[in-house]
Amino acid sequence: MLLVKTIVDNPEFVIERLAIKNRDARESVEKIVALDKQKREIQTKLEDNKAEQNALAKKIGELFKQGKQQDAQDAKARSTELKNIIKEQEDQFQALDKELYETLVLLPNLPYELVAPGKSAADNVEIRRGGENPSFEGFEPLPHWELAKKYDIIDFATGVKITGAGFPLYKGKGAKLQRALINFFLDEAAKSGYMEVEPPVLVNEASGFGTGQLPDKEGQMYHCEVDNLYLVPTAEVPVTNIYRDEILDAKQLPIRHCAYTPCFRREAGSYGSDVKGLNRLHEFDKVELVQIVHPDKSYKALEIMVLHVEGLVKKLGLPYRIIRLCGGDMSFTSAMTYDFEVWCAAQQKWLEVSSVSNFESFQANRLKLRFREDGDKRTRLCHTLNGSGLALPRIVASILENNQKGDRIEIPEVLRKYTGFDFIGGEEEIVESEEK
RNA sequence: GGAGAGAUGGGUGAGUGGCUGAAACCAACAGUUUGCUAAACUGUCGUAGGGGUACAAUUCCCUACCGGGGGUUCGAAUCCCCCUCUCUCCGCCA
C-alpha cells in the first residue's frame with residue numbers, strides 16, 4: 001500500500017510511474033487527493049468538537065461537585081447538542097476514510113526508476129545469462145515427464161489419484177532428490193547469512209493482507225473456509241509476517257531469513273501447454289529468502305540477493321538467464337523484480353525458477369513494519385525483499401532434461417553429498433545398505 | 001468435542017463511571033556518584049492521526065487507541081450486547 005502522503009505530495013509523479021506498470025491511475029490518484037482533502041477538513045472540525053465535548057464533560061463533573069446544579073444542566077444540554085453534531089461528522093469522516101482506503105489498496109506499488117515500461121513478458125529485459133546448453137549425441141532428449149516415468153521417480157498419475165492434477169508423487173530417488181535440493185538450498189542460504197525458520201503453512205487473513213496476497217489475489221490461494229485460514233502460496237507470507245506490527249531498532253537490520261515450505265497455488269485459469277509435468281503445479285516445494293532492511297540499502301540488498309540466487313543455478317550447472325521484469329509483467333506489490341529462468345533442453349524452453357523482488361515500503365506499510373534510528377523519536381517504514389532460492393519442480397525438470405545421458409541422469413556434483421547417489425538409472429544402481 | 005478463566009503500555013500487573021493515556025514494579029535509555037564492575041540515586045521512557053508556527057521540526061496544541069465491533073451516559077479501561085483470540089482442566093490424538 002502506498003502512503004497517502006506520497007500520492008498527495010506528488011500526484012503527477014505517481015501517475016507517471018504507474019503508467020510504466022501499464023496502468024492509468026489518473027482517476028484513482030485524483031480521487032485520493034480529493035478525498036484526503038475532504039477528510040482532513042471534516043477531521044479538523046470533528047476534533048475541535050470532540051475537544052469541546054471533553055472539556056464540557058470535565059466541567060460537568062466539577063459543577064456537580066460544587067453543587068451548581070443549574071450550570072451543570074446547561075452544560076449537559078450543550079454537550080448533548082454537540083453529541084449529535086459529532087455523530088454526524090463522525091459518519092462523514094468514516095465514509096470518506098473508508099472510500100479513501102479502498103481506493104488506496106487497489107493501487108499497485110510504484111516501479112523503481114530502472115524498470116522499463118511494457119505490457120507483457122515480451123518487454124522484459126535480459127540482464128545476463130550463464131551456463132551452457134547441453135547437446136545430445138546418439139539419442140533424442142526426453143522431456144522430464146518421460147524421464148520421470150522411465151526411471152520411476154515421479155508418478156503424476158498416482159498424484160491425480162490421491163489428490164488431483166498438479167500434485168505429483170515423488171518416489172525413490174525422485175523423493176531423495178527433493179530432499180537433497182531443499183537441504184542444499186537451505187545450507188547455501190545459511191552461508192549467505194540467512195537464518196533458517198520453519199513457519200506455519202496455514203496463515204490467517206491478516207497475514208495474507210500484510211504481504212499483499214489479500215485482497216488482490218484471493219482466488220490464487222487455497223482457503224480453509226471452516227477456519228478461515230489460507231494455505232501459503234509462498235513462505236514469503238508467514239516469514240515476512242513475523243515482523244508485522246513491529247518497531248525494530250535500526251541496529252537489528254538487516255534481518256535475513258530463509259525457509260523451506262511447501263507452496264500451494266490454485267493457478268485458477270492457467271490451463272494449457274505450460275502445465276505439463278512439473279512445469280506448473282498446485283503444490284510444490286520452495287526455499288524462500290526474505291530480507292527486512294533499511295530503506296537506504298534495499299537496492300544493494302536486492303543485487304546481493306540476485307548474486308546469491310545466481311550462485312545456486314551456477315553451482316547446479318544449469319543454463320540460466322536473469323531478466324528484469326518490465327512494468328506490465330511485475331506483480332502488484334513489487335517495485336522491481338528479477339526473474340531467473342533455467343533452460344530445459346528437451347522442451348526447448350526457459351522456465352522461471354526464481355523471482356527476486358524489492359517491495360520497498362509497500363508491504364511494510366500494510367504490515368506496519370517500522371524501525372527507529374538510534375536517538376530518533378520517529379519511526380520509519382522498513383523495506384522488504386524476497387526471492388526464491390529456489391523453487392524445486394522446474395529445477396528438477398531442468399536437471400532431468402539437461403543431465404540425461406541416454407541411459408541415466410547425472411546428479412549435479414554439489415548435490416551428491418546430499419543425495420548419496422551420483423546417477424538416477426544406469427548400471428551402477430546403489431543398493432541401500434541395511435547394516436547402518 | 002465438553003467445562004471454566006482471561007485479554008490493559010516492551011514485560012509483570014493495578015485500576016467497577018469523571019482527579020486514568022492509564023499506578024507500581026521490572027526491563028531499556030540518559031545522567032550523577034564511586035579505582036573498574038556492581039550497587040544506589042535522578043530523569044526519560046506507547047502508537048497513530050490532525051492542526052498551528054516559516055510550504056520545516058523529533059517543539060507546541062488537539063484527537064483517537066486499555067483484543068475487535070456496537071450500545072447506555074453530559075462523561076466508559078470501568079456498565080450492557082455481539083464477535084475474535086488466548087490460557088487451564090477433561091476427552092481424543094501425531
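Because the structure is predicted, anything quoted here is derived from the model rather than measured. What you see below is based on every heavy atom in this structure, not just the backbone, and it leaves out hydrogens, waters and symmetry mates.
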Is there a residue in residues 5-16 of chain A whose heavy atoms reach under 4.0 Å of RNA chain B, and which residues are they?
none
Any A:R40 side-chain nitrogen or oxygen under 4.0 Å from OP1 or OP2 of B:G51
yes
With RNA chain B as reference, determine whether A:A75 or A:K39 sits nearer its 5' end, using the nearest nucleotide of each.
A:K39
When the nearest nucleotide of RNA chain B is assigned to A:T379 and to A:Q53 on a heavy-atom basis, which residue is associated with the more 5' position?
A:T379
Rounded C1' spacing from B:U86 to B:G67 in Å
10 Å
Dot-bracket for RNA chain B, please, read 5' to 3', with Watson-Crick or G-U wobble pairs under 3.5 Å on both distances, ( ) within the strand, [ ] crossing, | other strand, . unpaired.
((((((((.[[[..)..(.....]]].(((((.......))))).((((((........)))))).[[[[[..)....]]]]])))))))....
Counting N and O atoms only, with roles assigned by atom type, does the side chain of A:R370 sit under 3.5 Å from a partner on the main chain of A:T379, one being a donor and the other an acceptor?
no
Using the benzene-type ring in the case of Trp, are the ring centres of A:F332 and A:F362 under 6.0 Å apart?
yes
Within this structure, what is the NZ-to-C1' distance between A:K76 and B:U73, rounded to whole angstrom?
8 Å
Gap between atoms CD and C1', on A:E246 and B:G46 respectively (whole Å)
14 Å
Rounded to the Å, how far apart are A:E205 CD and B:C83 C1'?
14 Å
Can you see whether A:F421 has A:K173 sitting over its ring - NZ or CZ less than 6.0 Å from the centre and within 45° of the normal?
yes
Can you confirm whether A:D123 sits close enough to A:D329 that some side-chain heavy atom of one is under 4.5 Å from a side-chain heavy atom of the other?
no
Among all residues two or more places apart in sequence or in another chain, which pass the side-chain contact (heavy atoms from CB on, under 4.5 Å) test with A:S361?
A:L381, A:H383
Specify the separation, in whole Å, of atom CD of A:E90 and atom P of B:G49.
17 Å
I want to check a possible cation-pi pair here: A:R408 against A:F423, using under 6.0 Å from ring centre and within 45° of the ring axis as the test.
yes
Using a 4.0 Å heavy-atom cut-off across all strands, classify A:I247 as base, sugar-phosphate, or nothing.
sugar-phosphate
Whole angstrom is fine here: how far is it from CD1 in A:I42 over to P in B:G50?
15 Å
Closest non-hydrogen atoms of A:S28 and A:L107, given as atom of the first, atom of the second and distance, are CB-CD2, 3.9 Å
Calculate the interatomic distance between A:F371 atom CZ and B:U47 atom P; express it in whole Å.
14 Å
Provide the distance between the two P atoms, one in B:U63 and one in B:A77, to the nearest whole Å.
13 Å
Go through A:E341 and A:R394 one step at a time and tell me if the salt bridge (Lys or Arg N to Asp or Glu O under 4.0 Å) criterion holds.
CA-CA 9 Å; A:E341 297 181 342; A:R394 293 171 184 166; over 6 Å; no
For A:Y112 and A:Y299, I'd like to know if the aromatic rings sit close, meaning centre-to-centre distance below 6.0 Å.
yes
Backbone N or O of A:E410 within a donor-acceptor pair of the A:N403 side chain at under 3.5 Å?
yes
Measure the distance from CG on A:L248 to C1' on B:G10 and round it to the nearest whole Å.
13 Å
Detail all sub-3.5 Å separations between protein N/O atoms and N/O atoms belonging to nucleotides 15-19 of chain B.
from, atom 1, to, atom 2, distance (Å)
B:G18, N2, A:A57, O, 2.6

Does a donor on one side chain sit under 3.5 Å from an acceptor on the other, for A:Y418 and A:D187?
yes
Would you measure the distance from the P atom in B:C80 across to the matching atom in B:A3 and give it in whole Å?
22 Å
Spacing between A:N228 atom CG and B:C83 atom C1', to the nearest angstrom
13 Å
Taking the six-membered ring for Trp, are the ring centroids of A:H257 and A:Y194 within less than 6.0 Å of each other?
no
I'd like the P distance from B:C62 over to B:A5, given in whole Å.
42 Å
Distance check: side-chain N/O of A:R372 vs OP1/OP2 of B:U47, anything under 4.0 Å?
yes
Separation between the C1' atoms of B:A24 and B:U8, rounded to whole Å
14 Å
Relative to A:F209, does A:R366 satisfy both conditions: NZ or CZ under 6.0 angstrom from the six-membered ring centre, and within 45 degrees of the ring's axis?
yes
In B/S/- notation, 5' to 3', how is nucleotides 52-72 of chain B contacted by protein heavy atoms closer than 4.0 Å?
------BS--BBS--------
When rounded to the nearest 0.5 angstrom, what is the spacing between CD in A:E41 and CG in A:L96?
10.0 Å
Say we look at B:C85 and B:G13: how far apart would their P atoms be, to the nearest angstrom?
23 Å
Could you measure between the two P atoms, the one in B:G6 and the one in B:U16, and give it in whole Å?
14 Å
What's A:R370 touching, base or sugar-phosphate or nothing? Going by heavy atoms closer than 4.0 Å.
sugar-phosphate
Residues in side-chain hydrogen bond (donor to acceptor under 3.5 Å, both in side chains) contact with A:K377, at least two apart in sequence or another chain
none
Pick the P atom in B:G10 and in B:A22, then give their distance to the nearest Å.
15 Å
Could you give me the CA-CA distance, side-chain angles and deciding distance for A:H294 and A:F371, then say whether ring-ring contact (aromatic ring centres under 6.0 Å, His included) is met?
CA-CA 8 Å; A:H294 190 288; A:F371 74 101; 4.9 Å; yes
